[in-house]
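Since the structure comes first, as structure tokens, the remarks are kept for the end.
Below, all heavy atoms of this structure are taken into account, side chains as well, without hydrogens, waters or symmetry copies. Everything numeric in this text was worked out from a predicted model, so none of it was measured.
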Amino acid sequence: VQLQASGGGSVQAGGSLRLSCSASTRIFSSHFMGWFRQAPGKEREFVAGIRWGTASTTYADSVKGRFTISKNGPENTVYLHMTSLKPEDTAVYYCARANGLSTREREYYVWGQGTQVTVSS
């Protein structure tokens, strides 16, 4: 399976972007799709996740109320809609797949290539 992330770009603070992540094969109901990000000089961190079967979601505290994760089941695509962007949201964003609900990087075993998001003040 391959994950293809897209939608990154450069925006001003307060702006919005929508990231997409398409899977090359079917995503099953037991899978958990997550978005992570890595800023320069920092460790990769969990941003948001969605359980494919139930569409239940979880978010990092830093993005709650600003970011929304959603899915298109038939298209095997997961989205991250980001609003009220801040300069500290600048990072490379990755999508990934885990076998179950997790916010821990090591439990994700399929990763996309990353897409750059840059937020200027």
Side-chain angles (χ1 to χ4, degrees):
V1 59
Q2 292 183 327
L3 300 178
Q4 180 72 38
S6 61
S10 297
V11 296
Q12 290 190 328
S16 300
L17 281 173
R18 190 181 76 160
L19 306 183
S20 300
C21 175
S22 296
S24 60
T25 60
R26 179 184 173 187
I27 302 172
F28 291 93
S29 59
S30 60
H31 287 148
F32 193 78
M33 297 298 295
W35 285 98
F36 288 76
R37 66 186 181 186
Q38 187 168 22
K42 295 187 177 181
E43 293 185 352
R44 191 152 54 182
E45 64 176 358
F46 176 82
V47 175
I50 185 167
R51 186 184 296 278
W52 207 251
T54 64
S56 60
T57 59
T58 188
Y59 297 91
D61 288 343
S62 59
V63 305
K64 280 181 181 177
R66 300 189 298 122
F67 291 11
T68 302
I69 188 170
S70 63
K71 71 181 183 79
N72 181 326
E75 297 292 329
N76 293 302
T77 300
V78 60
Y79 303 100
L80 185 67
H81 187 204
M82 307 182 293
T83 64
S84 301
L85 283 162
K86 305 174 182 180
E88 51 263 44
D89 294 318
T90 295
V92 178
Y93 283 70
Y94 300 88
C95 59
R97 192 182 82 182
N99 282 336
L101 189 152
S102 177
T103 62
R104 294 182 289 188
E105 182 180 353
R106 67 174 181 267
E107 296 189 3
Y108 287 77
Y109 60 94
V110 181
W111 290 84
Q113 85 286 6
T115 184
Q116 176 72 46
V117 172
T118 302
V119 184
S120 58
S121 58

*Kindly indicate, with the supporting measurements, whether the criterion side-chain contact (heavy atoms from CB on, under 4.5 Å) is fulfilled by Asn99 and His31.*
CA-CA 5 Å; Asn99 282 336; His31 287 148; 3.9 Å; yes
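- Asp89 has no carboxylate O lying under 4.0 Å from a charged side-chain N of Lys86, or vice versa, which leaves the two without a salt bridge.
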*Starting from the C-alpha separation in whole Å, work towards a yes-or-no answer on side-chain contact (heavy atoms from CB on, under 4.5 Å) for Ser20 and Glu75.*
CA-CA 11 Å; Ser20 300; Glu75 297 292 329; over 6 Å; no
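- Contact check for Thr118 versus Ser120: no side-chain heavy atoms found under the 4.5 Å cut-off.
- The environment of Gln2 atom CD is sparse: at most 12 non-hydrogen atoms of other residues, nucleotides or ligands sit within 6.0 angstrom.
- Looking at every heavy atom in both residues, Gln116 comes nearest to Ala91 through NE2-O, 3.4 Å.
- The two residues Gly7 and Thr115 make their nearest non-hydrogen contact at N-OG1, 4.1 Å.
- Contact record, Arg44 with Glu105: NH2-OE2, 2.8 Å, taken as the closest heavy-atom pair.
- Across Gln113 and Tyr94, no two heavy atoms sit closer than the pair O-CE2, 3.7 Å.
- Among all heavy-atom pairs drawn from Ser84 and Ser16, the shortest one is N-OG, 4.4 Å.
- Contacts of Phe36 classified as ring-ring contact (aromatic ring centres under 6.0 Å, His included), with partners at least two apart in sequence or in another chain: Phe46, Tyr108, Trp111.
- Nearest heavy atom pair, residue Asn72 against residue Pro74, reads OD1-CD, 3.2 Å.
- Residues Val1, Leu3, Val11, Leu17, Leu19, Ile27, Met33, Val47, Ile50, Trp52, Tyr59, Val63, Phe67, Ile69, Val78, Leu80, Met82, Leu85, Tyr93, Tyr109, Val110, Val117, Val119 make up the rest of the hydrophobic cluster containing Trp35, defined by ILVMFWY side-chain heavy atoms closer than 4.5 Å, directly or through other members.
- The OG atom of Ser102 sits 14.0 Å away from the CZ atom of Arg97 when rounded to the nearest 0.5 Å.
- Asn76 contributes atom CG, which lies 9.5 Å from atom NZ of Lys71 (distance to the nearest 0.5 angstrom).
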